[in-house]
Amino acid sequence: MEEGLRLYNTLTRMKELFQPLQSPFVGMYVCGPTVYGDAHLGHARPAVTFDLIFRYLRYLGYRVRYIRNITDVGHMEEEGLGEGEDKIAKKARLEQLEPMEIAQYYSNRYHAHMTQLNVLNPSIEPQASGHIIEQIALIEKIIDAGFGYVSEGSVYFDVESYSRQHHYGKLSGRKVEDLLSNTRDLEGQSEKRNPFDFALWKKARPGHITKWPSPWSVGFPGWHLECSAMSAKYLGDHFDIHGGGMDLLFPHHESEIAQSQAANGQDPCKYWIHNNLITINGQKMGKSLNNFITLDELFSGKHELLEKSFSPMTIRFFILQAHYRGQLDFSNDALKAAEKGLKRLMDGWKSLEKITPSDASTVQVKPLQEQCLEAMNDDFNSPVLIATLFDGVRMINSLVDKKETITPEDLTLLRSTFQAFIFDLLGLVDEAPETGSGRIEQLMETIIQIRKHARERKDFATSDFIRDELARINIQIRDTKDGAEWAVTG
RNA sequence: GGUACCAUGGCCGAGUGGCUAGGCAACGGUCUGCAAAACCGUGUACAGCGGUUCGACUCCGCUUGGUACCUCCA
């Protein structure tokens, strides 16, 4: 068991040594998507970030239960359209579909996109709609503890009475007094004692489709409740890691803490991990800003902001080249750079096959491996890990050029290090197109032979013709010292 | 207004109290019939102003600029 992992805890604003509550078991809960639209770049970041963390914790030998929920009961939309309309219900009316039909449709697409990004499946992927009973039970606990009140068939969390005993705002650094003086006046909130009280249960208005019976009304659970209920159900009242995007810090995660404290008398988890957001041209992407790019559009290149398509692995590499706590700005140039960098890394990996070992090593492989581990141990620093791997690529190229030498043992270590960090931990996949069936291989062999003979006769018109024509169908000829190679591009 | 965070070379993006991040681009070179590809080499940048220090890009303060959250959003 590795002892050196340090991670940044949003709760303490410090890097802390990771010490699981019940090693070797680790419980991790991450806020998943609301399935009423296609996944976009913003969904890719937490998915890839926590995939990296999941992979690394397993690599260290922990037995991780990773929960990532699916929100399918809808959250409230309060602006413009009045209070309390359910997002999924709204879309359902527009498209004349059952709410669950929409949720299922987008869940399926989300999974497909995550698979393309080579994001591992979580251990459990609970749906909010499947845990209404647990959520109702949690509300009852909160009411019994004196921190919830019923009003007009809805139930609200009493932030003021809670804050007399606990610090509401300790995760996001807020003070209740500030909340009091700064909360905007929203219409139709007369049911609440205080404007910053949040709903635990909302009574459904006429026409509202997604609703369930409860002791208080036919309605639906409030927006912070599902995570509290489902994390407790599968990980217990106190677990190791809770993650999500920084935009969820307040009020979502803050309220989760309050709910758990109110119901169970303790914080839900030990470490809070938040990934930063992706911006587009320096601005955040959001559904309401209409500047988001879906993964589908990224992969196909069909979006006005995109100069070309970008493969799933390019997106994954792009995300991993920045530290998860830093903002990452999207641009075509940045993605193109990531695309080329990824290719360089993969070419380096493939070049390992060309190395012939010697009796002695002039390169240092062990320190390289240690640097990789140190990078990951330092709050999952994937950019430093990648930089170290590029140092490895330079080492590999020098070995291929026979400017350096390496023993069989070191070569094995180098190969296993690359295997572990590139594929097992960073989760990258070599996307180079298949060169095709054996017959095509033989055909290309023949063509290359013809071109070779033409060149030997100095018949460059023929050799260039072959090269140009192949290039037209995206087959690239590369002349190397050991003869010509070919590869399918794009 | 409150809260949180950030300002690094042409671009993306790490990191550190004194010693090379890395990738892309650019430039030079090797290779090549010419190319392409590939590989090698080259960049003293850290918003501004003060302070602490033998020494700060790295710590502290201020200023300026930016982003996010406070309202659905990863």
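Quick note on labels: first sequence line is chain A, next is B, and so on, each numbered from 1.
Counting non-hydrogen atoms under 4.0 angstrom, Glu339(A) reaches nothing in the nucleic acid. At the heavy-atom level, Lys350(A) lies nowhere under 4.0 Å from the strands shown. Heavy atoms of Ile278(A) sit under 4.0 angstrom from at least one base atom. Contacts of Gly341(A) with the nucleic acid, taken as non-hydrogen atoms under 4.0 Å apart, involve only primed sugar atoms and P, OP1 or OP2.
Applying the 4.0 Å criterion to OP1 and OP2 of U67(B), one finds that Arg325(A) has every side-chain N and O outside that range. Remark: Lys403(A) is not in phosphate contact with C39(B), judged by side-chain N or O atoms under 4.0 Å from OP1 or OP2. Between G15(B) and Asn381(A), a contact under 4.0 Å exists linking OP1 or OP2 to a side-chain N or O. Contact annotation: Lys340(A) reaches the phosphate of A25(B) (side-chain N/O to OP1 or OP2, under 4.0 Å). In terms of phosphate contacts, Thr49(A) brings no side-chain nitrogen or oxygen within less than 4.0 Å of OP1 or OP2 of A74(B). Between Arg455(A) and the phosphate of C34(B), there is no side-chain N or O to OP1/OP2 separation shorter than 4.0 Å.
The side-chain tip of Arg174(A) points at the ring of Phe250(A) from less than 6.0 angstrom away and within 45° of straight on.
In the set C73(B), U67(B), A14(B), the nucleotide with an atom closest to the side chain of Gln327(A) is U67(B). Closest to the Ser463(A) side chain, of the nucleotides C70(B), G33(B), A74(B), is G33(B). The side chain of Asp391(A) approaches G22(B) more closely than any other nucleotide in the set C73(B), A68(B), G22(B). Distance from the side chain of Trp223(A) is smallest for C72(B) among the nucleotides G13(B), C72(B), A74(B). Distances were taken from every side-chain heavy atom of Val384(A) (C-beta onward) to each of G23(B), A74(B), A14(B); the shortest belongs to A14(B). When distances are taken from the side chain of Leu248(A) to each of A74(B), C11(B), A14(B), the shortest belongs to A74(B). Taking only side-chain atoms of Arg174(A), from C-beta outward, the nucleotide of G22(B), G2(B), C11(B) with the closest atom is G2(B). Checking A36(B), G22(B), C39(B) against the side-chain heavy atoms of Asp401(A) singles out C39(B) as nearest. Closest to the side chain of Leu277(A), out of A36(B), G33(B), A68(B), is A68(B). In the set C73(B), A35(B), C70(B), A35(B) carries the atom at the smallest distance from any side-chain atom of Asp479(A).
Taking atom P in both U71(B) and C54(B), the straight-line distance is 49 Å, to the nearest Å. Atom C1' of U16(B) sits at a distance of 29 Å from the matching atom of C27(B), rounded to the whole Å. Spacing between U30(B) and G50(B) at atom P, rounded to whole Å, works out to 49 Å. A56(B) and G17(B) have their P atoms separated by 15 Å, given to the nearest Å. Comparing the P positions of C19(B) and A25(B) gives a spacing of 29 Å, expressed to the nearest Å. A distance of about 35 Å separates the C1' atoms of U53(B) and C11(B), rounded to the whole Å. When the C1' atom is used for both U20(B) and U8(B), the distance is 15 Å, rounded to whole Å. Distance noted for atom P between C72(B) and G65(B): 30 Å (whole Å).
On a pure distance criterion of 3.5 Å, a polar donor-acceptor pair joins the side chain of Arg467(A) and the base of A35(B). On a pure distance criterion of 3.5 Å, no polar donor-acceptor pair joins the side chain of Arg344(A) and the base of C24(B). Not a single donor-acceptor pair, N or O on each side, falls under 3.5 Å between the base of G22(B) and the side chain of Thr388(A). For G33(B), its base sits under 3.5 Å from the side chain of Asp464(A) at one donor and acceptor pair at least.
In this structure, Tyr162(A) has its ring center under 6.0 Å from that of Phe157(A).
G15(B) atom P lies 13 Å from atom CG of Leu385(A), rounded to whole Å. Rounding to whole angstrom units, CZ of residue Arg478(A) and P of A38(B) are separated by 7 Å. Atom CG in Asp347(A) sits about 15 Å away from atom C1' in C24(B), given to the nearest Å. The interatomic distance linking Ile386(A) (CD1) with A14(B) (C1') rounds to 11 Å, in whole Å. The distance from atom CG of Leu470(A) to atom P of A35(B) is 20 Å, rounded to the nearest whole Å. Distance, His252(A) NE2 to C69(B) P: 15 Å, rounded to whole Å. When the P atom of A74(B) is taken as reference, atom OH of Tyr29(A) falls 13 Å away, rounded to whole Å. Following rounding to the nearest Å, Tyr106(A) (OH) and C73(B) (P) show an atom-to-atom distance of 17 Å.
Between Ile70(A) and Glu226(A), the shortest heavy-atom distance links the atoms O-OE1, 4.0 Å.
Around the CD atom of Gln449(A), the shell of radius 6.0 Å holds more than 12 heavy atoms that belong to other residues, nucleotides or ligands. Heavy-atom neighbours of Lys308(A) NZ from other residues, nucleotides or ligands within 6.0 Å: above the threshold of 12.
With centroids closer than 5.5 Å and planes inclined by less than 30 degrees as the test, Phe390(A) and the base of G23(B) fail to qualify as a stacked pair.
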* RNA chain B in dot-bracket, Watson-Crick or G-U pairs under 3.5 Å, [ ] crossing, | other strand? -> (((((((..(((.....[...))).(((((.......)))))....(((((..]....))))))))))))....

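With the nearest nucleotide of RNA chain B identified for both Lys458(A) and Gly348(A), Lys458(A) has the one nearer the 5' end. Remark on RNA chain B: of its neighbouring residues Tyr324(A) and Gly32(A), the 5'-side contact belongs to Tyr324(A), judged by nearest-heavy-atom nucleotide.
Sorted by first and then second residue, the salt bridge (Lys or Arg N to Asp or Glu O under 4.0 Å) pairs with a member in residues 388-399 of chain A read Asp391(A)-Arg394(A); sequence neighbours excluded. Counting only residues at least two apart or in different chains, salt bridge (Lys or Arg N to Asp or Glu O under 4.0 Å) contacts with residues 361-382 of chain A comprise Lys15(A)-Asp378(A), Arg325(A)-Asp379(A).
With no hydrogens or angles considered, no side-chain donor-acceptor pair links Thr279(A) and Gln327(A) at under 3.5 Å. Between His274(A) and His253(A), the side chains place a donor N or O and an acceptor N or O closer than 3.5 Å (distance only, hydrogens not considered). For the 3.5 Å distance criterion, the side chains of Asn69(A) and Thr71(A) qualify, holding a donor opposite an acceptor.
The aromatic rings of Tyr168(A) and Phe198(A) sit parallel, their planes meeting at an angle under 30°, below the 60° perpendicular limit.
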